[in-house]
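The structure appears right after this line, and notes come after that.
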Amino acid sequence: MSQAHIRIWTELPAARINPNIYGHFAEHLGRCIYEGIWVGPKSRIPNDKGVRLDVLAALKQLRAPVVRWPGGCFADAYHWRDGIGPAKSRPETVNIWWRQNDPNSFGTDEFMRFCQAVGCAPYICMNVGSGTPQEALEWLEYCNFGGDTTLTRMRADNGSPEPYGVKYWGVGNENWGCGGRFDARDYAKEYTRFATYLKALDLEIELIACGFSPYGGNPKWDNWNHDFCHQMRHADLIDHLSIHRYFARGAATSFSDAEFRAVFGDLITLEKDIQATDRLLGYFYPDRFVGLIIDEWGMWHPSAVVDNGLEQESSLRDALLAGACLNLFNRYAHRVTMANIAQTINVLQSVANTDGSKMYLTPTYHVFDMMRSHMGALVLTQDVQCDHYESHPVALSQKHPVPELSVSSSQSGNKVFLSVVNQTLDKDIEAVVQITDGRIASVSGKVLHADDPRDTNSFEHPKRITPKRLKVEAGPEGVSHVFQAHSFTTLTCTLE
Ligand code: AHR
């Protein structure tokens, strides 16, 4: 057993954790929207106006704050008018990226009703690659305009006389790739055209520009964010810059011990992405805060391919990685304004999987559930002293030390909340948690663990990996607790 020391300063809160860090991403891809979320009002599967009730309940329990839709790559080939009006008159169209047909029965109004039922904010990603500023502007008018126009009358006919008030609008997706294969300078010009008209119609909206993950392992575009920001003179048009990051090390459930460790090493490059983009946004926009959004992230195993709709098994390792990513986003709460795990249901690192009327929650779901208390809390300054192991992160030329514990801490009122991932395969770690300027009156905790980090939940064993309550006690020196190897733990300390 090794020893660790976690010190937390409540008098030094760093920033408020934007609840949107705990957001989701749902694309028209495989069985994410169709079957996963939308079964249609006539389905035998219990539903609320077409949206599955089991999925709704699961997302409500998470207090899911925001859902990004309709893509992904799908967004830059999507024409929103195909998805409004009477279901019977909607065209069936080809989904070019994911090689399936789209019945268009889930469109803007269904997405809005889904968000209202979940209680989350909608985040719409617009079509830049094959669309026009006019089409985007009309989508905004349809959703948000309060005046009396042909489009707003159409919205009323489709069930919503009141504007939807969509705040978050993405100006394209991965525009260096499936979103039109622009270079950064040309994308900046396109972005300016779109944003000029969108902001003229609605000043309340927040626009999200497409960025690139500089340490993601694709040197072709690693100067994209710099070149884009350099070109984007009109700071008033940009509210957030987004990057994407997927992880893969070995197979979903049969990875080696070295691959278990390597994935946590790769997190170092996501931290470098965040640090580099934080500095860059501060440099180019000194007079205006521009947020950083990671609007696609998670594990993408080799088994998830277009032919199976990017479906994959999801193990405890995935859940631990999710905990470590969310800890990272919390720690950079001064810049990170949103993050959206890919993808909500059935696809990639989903939080739930469905088969007909059955549904089970993945271990990743439980991490989101266990971390809910961080949403909106103040992230705290902390010092974590623990052992490290060596790993060689993707895209870096050298080995790097990986801390055995990933930690973030936050405060809300007299509660201090900690989330801790033990990133080792086989080392229990005894840690003393000290709150330097407060006495802990009581503490409660939960742990997510399995004997083998390769274990999963499944339709046969839906509850194999679920959180268990912990017995933890506070003493005069703080809390002493053994964080089990490959586990995820949350502690809630009530201060005197
Ligand atoms: O999430 C799957 C795909 O990954 C998205 O459509 C795209 O944006 C990314 O490359």
Side-chain angles (χ1 to χ4, degrees), residues 23-37 66-79 93-100 102 106 111 123-131 168-182 187 191 208-218 220-222 224-225 240-248 252 270 273 293-314 318 321-322 325 338-353 362 364 394-395:
H24 299 264
F25 164 46
E27 179 168 8
H28 288 232
L29 191 178
R31 298 189 306 124
C32 183
I33 295 289
Y34 297 109
E35 288 187 48
I37 290 174
V66 61
V67 176
R68 176 178 185 247
W69 173 85
C73 290
F74 179 80
D76 285 270
Y78 181 61
H79 300 286
T93 48
V94 58
N95 180 338
I96 52 168
W97 296 109
W98 307 116
R99 311 241 166 255
Q100 56 191 137
D102 196 309
F106 190 88
F111 176 58
Y123 164 10
I124 291 183
C125 185
M126 289 180 294
N127 178 347
V128 170
S130 70
Y168 304 110
W169 294 84
V171 183
N173 168 75
E174 296 192 353
N175 300 89
W176 33 265
C178 61
R181 294 202 186 168
F182 294 96
Y187 172 65
Y191 180 93
I208 295 127
C210 159
F212 188 80
S213 134
Y215 289 89
N218 183 350
K220 187 168 177 205
W221 294 122
D222 60 8
W224 173 282
N225 296 347
H240 311 264
L241 184 73
S242 90
I243 60 173
H244 294 171
R245 178 52 87 79
Y246 291 100
F247 300 89
L270 179 56
D273 273 344
I293 290 184
I294 299 94
D295 53 15
E296 289 186 29
W297 67 271
M299 295 292 291
W300 186 330
H301 299 299
S303 51
V305 292
V306 176
D307 280 352
N308 71 356
L310 304 194
E311 295 195 20
Q312 62 187 22
E313 286 185 289
S314 192
D318 295 4
L321 180 86
C325 285
M338 190 191 294
N340 310 71
I341 191 168
Q343 298 197 7
T344 319
I345 312 292
N346 291 328
V347 170
L348 298 176
Q349 195 172 348
S350 48
V351 292
N353 291 334
T362 65
T364 297
V394 278

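Worth knowing before you read on, the calculation uses all heavy atoms, side chains too, and leaves out hydrogens, waters and symmetry mates. Whatever order the structure lists ligands and atoms in, that order sets their numbers, starting from 1. Just so it is clear, the structure is predicted and the values come from calculations on it, not from any experiment.
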Problem - Contact with ligand 1 for Trp98, non-hydrogen, under 4.0 angstrom - result: yes
Exercise for the section: For ligand 1, note which part of Tyr246 has a heavy atom under 4.0 Å away: side chain, backbone, both or neither. Expected result: side chain
Completion exercise
of all protein heavy atoms, closest to atom 7 (C) of ligand 1 is Glu296 OE1, 3.4 Å
Completion exercise
CH2 of Trp176 to CG of Asn218, rounded to nearest 0.5 Å, is 7.5 Å
Exercise for the section: Verify the distance criterion only: is there a donor paired with an acceptor across the side chains of Ser213 and Asp273 at less than 3.5 Å? Expected result: yes
Exercise for the section: Using distance alone, determine whether Cys73 and ligand 1 share an N or O pair under 3.5 Å. Expected result: yes
Fill in the blank from the handout: If we number the atoms of ligand 1 from 1 as shown, the ones under 4.0 Å from a heavy atom of Glu174 are 7 (C), 8 (O), 9 (C), 10 (O)
Handout entry: Check: Tyr78 and Thr93 side chains under 4.5 Å, non-hydrogen atoms
Key = no
Exercise for the section: List the steps, then state whether side-chain contact (heavy atoms from CB on, under 4.5 Å) holds for Val171 with Cys210. Expected result: CA-CA 7 Å; Val171 183; Cys210 159; over 6 Å; no
Exercise for the section: Within a distance under 4.0 Å of any heavy atom of Phe25, pick out the atoms of ligand 1 and give their elements. Expected result: 1 (O)
Exercise for the section: Could you say whether the N/O atoms of Asn173 and ligand 1 ever approach to under 3.5 Å? Expected result: yes
Exercise for the section: For residues Trp69 and His28, determine if any side-chain heavy atom of one lies less than 4.5 Å from a side-chain heavy atom of the other. Expected result: yes
Practice task
For residues Leu348 and Glu27, determine if any side-chain heavy atom of one lies less than 4.5 Å from a side-chain heavy atom of the other.
Solution key: no
Practice task
Specify side chain, backbone, both or neither for Leu348, according to which of its non-hydrogen atoms lie closer than 4.0 Å to ligand 1.
Solution key: side chain
Problem - Atoms in ligand 1 flagged as close to Gln343, the criterion being non-hydrogen separation under 4.0 Å - result: 1 (O), 2 (C)
Exercise for the section: Please report which non-hydrogen protein atom sits nearest to atom 6 (O) of ligand 1, along with the residue it belongs to and the distance in Å to one decimal place. Expected result: Glu27 OE1, 2.7 Å
Handout entry: Distance-only side-chain donor-acceptor flag, His240 / Asp295, under 3.5 Å
Key = no
